[in-house]
Amino acid sequence: MSNPPTPGAPPAAEKARLSKKDRHERILAEMRTSSTLRVSELAAELDVSTETIRRDLYELGERGLINRTYGGAVRPLGTEPSVAERHRMLVEEREAIAAATVKFLRPNEVVAIGAGATTTHVARRMAAECRDITVITHSFSVATVLAPNPTISVLMCPGRYDGREGMIVGAETIEFLQSYNANWAILGATGITAEGFSDAEAAAASVYKAMMHRAVQTIAVADHSKFDQQALAIWGRWADVGRLVTDIAPSGAIARALQRARVDVTVARKRGS
């Protein structure tokens, strides 16, 4: 028979509650994956009061780690999880997007590819399925995953190295891109709204814009978590992009915007779905 609880001892559920430090870490982890949080949902998930969550969000906001809103918090416009963290998120969705994207590519074409987790998945799929393609990129991860395919020629952009994102940016990068034409630009985004596409890194957005302007057609590749999110620097409007490849069809204002711009939407299906 189990022993009765010691008088005055806290209930087991209360013992299991997270410390403030652990709660802050959990909140920031959630922010890295969803970018928008609600007080009521966080309180239920962390088993604390809404007043406790509001205090947590206030402290995180004072440290500049989040932007508080009336009912919760959003990720600051100039921030995004590192590319290494993003590689571990929504892997199946990104693999499906990559598989759908490479179907548009043909031998002897030139493809400009921007940096990012989703574009790296596209490059990995290209290495497996494409032949006799020239790739222009400023991303070391894109260049690395393409390397096993000897029929793919890679032109690496010069410029300033951004170690956090594993990419080259700057005036030299833009100037280099102006010397080339491409059949396709394949670009990711931090945020997608009815206005268009944006990135947390202003320098990266400048590179994406240059790639887009040198390409005959642009394919935006992004999973559904980017919908209705804003980031610091806009790199393209819907009229600039010919196709969106994603895992879930957008709705609402985004759907209306892409319809007005006559953007083709390809919804990629995960394996087994």
Side-chain angles (χ1 to χ4, degrees), residues 29-38 41 74-75 80-105 111-130 139 141-142 145 165 184-200 204-205 208 211-212 217-231 234-238 240-273:
E30 290 290 331
M31 183 66 72
R32 285 194 291 270
T33 59
S34 66
S35 79
T36 301
L37 303 176
R38 297 191 62 81
E41 294 172 356
V74 297
R75 185 190 302 147
E80 186 181 31
S82 70
V83 70
E85 292 177 283
R86 300 199 305 275
H87 275 302
R88 297 190 291 269
M89 301 173 182
L90 298 167
V91 172
E92 290 186 10
E93 289 82 354
R94 285 172 167 151
E95 287 179 346
I97 290 168
T101 301
V102 300
K103 303 301 183 186
F104 299 104
L105 309 181
V111 183
I113 304 181
T118 305
T119 50
T120 300
H121 279 284
V122 174
R124 185 177 290 111
R125 178 67 67 159
M126 288 175 63
E129 296 188 14
C130 297
S139 165
S141 61
V142 167
V145 299
E165 290 295 305
W184 301 94
I186 299 177
L187 305 171
T190 303
I192 299 175
T193 66
E195 188 176 15
F197 303 85
S198 57
D199 197 88
Y208 302 161
M211 288 181 168
M212 178 180 67
Q217 299 184 71
T218 296
I219 301 176
V221 292
D223 63 77
H224 68 278
S225 70
K226 307 301 179 66
F227 297 162
D228 297 313
Q229 305 298 327
Q230 291 183 324
I234 296 171
W235 61 256
R237 312 287 181 176
W238 285 104
D240 301 319
V241 172
R243 183 175 297 275
L244 170 67
V245 183
T246 185
D247 60 317
I248 297 175
S251 59
I254 294 177
R256 293 190 293 272
L258 62 87
Q259 287 172 359
R260 286 194 298 269
R262 298 183 179 179
V263 175
D264 292 325
V265 179
T266 298
V267 178
R269 301 298 180 186
K270 294 186 292 184
R271 284 178 295 182
S273 63

Side-chain contact test, heavy atoms from C-beta onward, threshold under 4.5 Å: evaluate it for [X] versus [Y] and give yes or no.
X: Leu187; Y: Phe197; value: no
X: Val111; Y: Cys130; value: no
X: Ile219; Y: Val245; value: yes

Using modelled atom types only, decide if a donor and an acceptor are shared between the side chain of [X] and the backbone of [Y] within a distance under 3.5 Å.
X: Tyr208; Y: Ala115; value: yes
X: Thr119; Y: Gly114; value: yes
X: Thr246; Y: Ala222; value: yes
X: Asp247; Y: His224; value: yes

Identify the heavy atoms of [X] and [Y] that sit nearest to each other, and give their distance.
X: Trp238; Y: Ile254; answer: CZ2-CG2, 3.6 Å
X: Ala231; Y: Ala200; answer: CB-N, 3.6 Å
X: Ala253; Y: Ala194; answer: O-CB, 3.8 Å
X: Val122; Y: Val102; answer: O-CG1, 3.9 Å
X: Trp235; Y: Ala189; answer: NE1-CB, 4.0 Å
X: Ala96; Y: Arg269; answer: CB-O, 3.5 Å

- Item | Audit row: Asp223, Arg94, side chain to side chain contact (heavy atoms under 4.5 Å, CB included) steps and yes/no | CA-CA 7 Å; Asp223 63 77; Arg94 285 172 167 151; 3.6 Å; yes
Could you give the distance from [atom1] ([X]) to [atom2] ([Y]), rounded to the nearest 0.5 Å?
X: Ser141; Y: Ile113; atom1: OG; atom2: CD1; value: 10.0 Å
X: Thr193; Y: Gln229; atom1: OG1; atom2: CD; value: 10.0 Å
X: Leu258; Y: Asp264; atom1: CG; atom2: CG; value: 9.5 Å
X: Glu129; Y: Leu105; atom1: CD; atom2: CG; value: 9.5 Å

- Evaluate the criterion side chain to side chain contact (heavy atoms under 4.5 Å, CB included) for residue pair Lys103 and Thr266; output intermediate values, then yes/no. CA-CA 11 Å; Lys103 303 301 183 186; Thr266 298; over 6 Å; no
- Query: Does CZ in Arg243 sit with more than 12 non-hydrogen atoms of other residues, nucleotides or ligands closer than 6.0 Å?
  - Reply: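 Enclosed: over 12 neighbouring heavy atoms sit under 6.0 Å from CZ of Arg243.
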- Query: Can you say whether the rings of Trp184 and Phe104 are parallel (under 30°), tilted (30 to 60°) or perpendicular (over 60°)?
  - Reply: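 Trp184 and Phe104: tilted rings.
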- Task: Dump the intermediate steps for side chain to side chain contact (heavy atoms under 4.5 Å, CB included) on Val145 and Met126, then the final yes or no.
- Result: CA-CA 9 Å; Val145 299; Met126 288 175 63; over 6 Å; no
- Item | Val221 vs Ile186, side chain to side chain contact (heavy atoms under 4.5 Å, CB included): CA-CA, chis, key distance, verdict | CA-CA 7 Å; Val221 292; Ile186 299 177; 4.0 Å; yes
